[in-house]
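Note sheet for the following structure.
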Amino acid sequence: MERYLGFLFCLLVSASAVSDWNILHQKTKNGLMISLKNYCESWKMNVELHNIREFEVVPDECVGYIGKYMTSIQYQVDSERAVHESIVYLSTSCSLKNDGRDAWIFDIDDTLLSTVPYYKKHRYGGEKLNLTSLEEWMSKGKAPALEHALNLFNELKARGVQIILVSSRREHLRSATIDNLVDVGYHGWTGLMLRGADDELKGVKEYKASARKQLIDEGYRIWGIVGDQYSSFEGLPSARRTFKLPNPLYYLF
């Protein structure tokens with residue numbers, strides 16, 4: 001009986017500790033106080049480092065912080081830096097043969113087109129994804145271009161690189177996707193690969209790896225990939241270089 005009461009007491013203390021947990025009251029192991037900004041910045045950074053994976057929602061206490069970041073100059077600067085490094089690599093390390101087989105892959109959502117207007121209405125990733133709602137928004141074709149990606153897109157096109165778009169969007173959105181891309185300034189790509197019925201049971205990583213294999217089997221040399229999700233890069237075969245754009249809103253795998 002005494003053992004049972006002791007166990008019950010520990011359980012109640014533990015439950016109380018959980019209910020009283022507050023990020024503003026926490027310290028690091030070294031005794032440093034953690035501010036909400038510190039906590040959310042660390043969470044965002046570890047998403048980008050791929051230490052935090054397969055999250056369903058942005059932590060509730062960080063929704064405001066993530067929203068500010070995604071609409072900030074810092075987000076633009078971070079994205080532009082990734083594009084700049086892509087162009088440096090293209091200019092210094094790519095021995096283009098200009099035979100129609102030099103290729104570069106782009107993701108679409110939050111790489112070429114921004115879904116931030118949609119997520120602004122859904123607490124910047126603080127709500128679980130409703131695919132029906134998201135696809136309804138996509139079907140309207142109102143996603144704005146990400147200007148830094150448009151600049152890279154045009155630079156690649158000017159150098160004769162074949163641009164292949166490989167997206168996890170589903171095939172029924174093809175017409176709306178093409179219209180949206182063209183409306184905001186993208187044109188002249190070589191291929192647009194979307195998920196068909198045969199891809200429904202595949203994860204994003206598996207689907208995109210199989211798309212790359214298909215392109216390589218067709219004779220393309222994939223010099224680079226730009227995307228906002230690690231699932232755009234993982235798996236074999238891969239590109240010679242990959243460049244990730246920041247995105248702490250959601251995780252696709």
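Positions are given from 1, in the same order as the sequence printed here.
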Q | Set of residues satisfying side chain to side chain donor-acceptor pair (under 3.5 Å) with respect to Asn98, sequence neighbours excluded | A | none
**Q.** Cluster check Phe253, Leu245: I/L/V/M/F/W/Y, side chain < 4.5 angstrom
**A.** no
Q | Residues forming a salt bridge (charged side-chain N to carboxylate O under 4.0 Å, His left out) with Asp198, sequence neighbours excluded | A | none
Q. Can you name the side chain to side chain donor-acceptor pair (under 3.5 Å) partners of Asp109, sequence neighbours left out?
A. Arg169
Q.
Grouping I, L, V, M, F, W and Y whenever their side-chain heavy atoms are under 4.5 Å apart, do Ile164 and Tyr207 come out in a common cluster?
A. yes
Q) Can you tell me if Arg81 and Ser86 form a side-chain donor-acceptor pair at under 3.5 Å? A) no
(Q) Please enumerate all residues that pass side chain to side chain donor-acceptor pair (under 3.5 Å) together with Asp179, with sequence neighbours excluded. (A) none
Q. What pairs of residues pass the disulfide (SG to SG under 2.5 Å) test when at least one of them lies in residues 42-106, not counting sequence neighbours?
A. Cys40-Cys62
Q) Who pairs with Glu56 by side chain to side chain donor-acceptor pair (under 3.5 Å), at least two apart in sequence or on another chain? A) Lys128
Q: Return the set of residues passing salt bridge (charged side-chain N to carboxylate O under 4.0 Å, His left out) with Lys157 (not counting sequence neighbours), or none when no residue passes.
A: none
**Q.** Partners passing salt bridge (charged side-chain N to carboxylate O under 4.0 Å, His left out) against Glu127 (at least two apart in sequence or in another chain)
**A.** none
Q) Just how far is it from atom CG of Leu113 to atom CG of Asp110, taken to the nearest 0.5 Å? A) 9.0 Å
Q) Which ILVMFWY residues can you reach from Val57 by hopping between side chains whose heavy atoms are under 4.5 Å apart? A) none
Q) Can a donor-acceptor pair be found between the side chains of Asn38 and Ser35 at a distance below 3.5 Å? A) yes
Q.
Once side-chain hydrogen bond (donor to acceptor under 3.5 Å, both in side chains) is applied, what residue pairs with a partner in residues 140-152 remain, sequence neighbours excluded?
A. none
Q. Which residues pass the ring pair (Phe, Tyr, Trp, His ring centres under 6.0 Å) test with Phe233, sequence neighbours left out?
A. none
Q: Apply salt bridge (charged side-chain N to carboxylate O under 4.0 Å, His left out) to Arg195 and list each qualifying residue two or more places apart in sequence or on a separate chain.
A: none
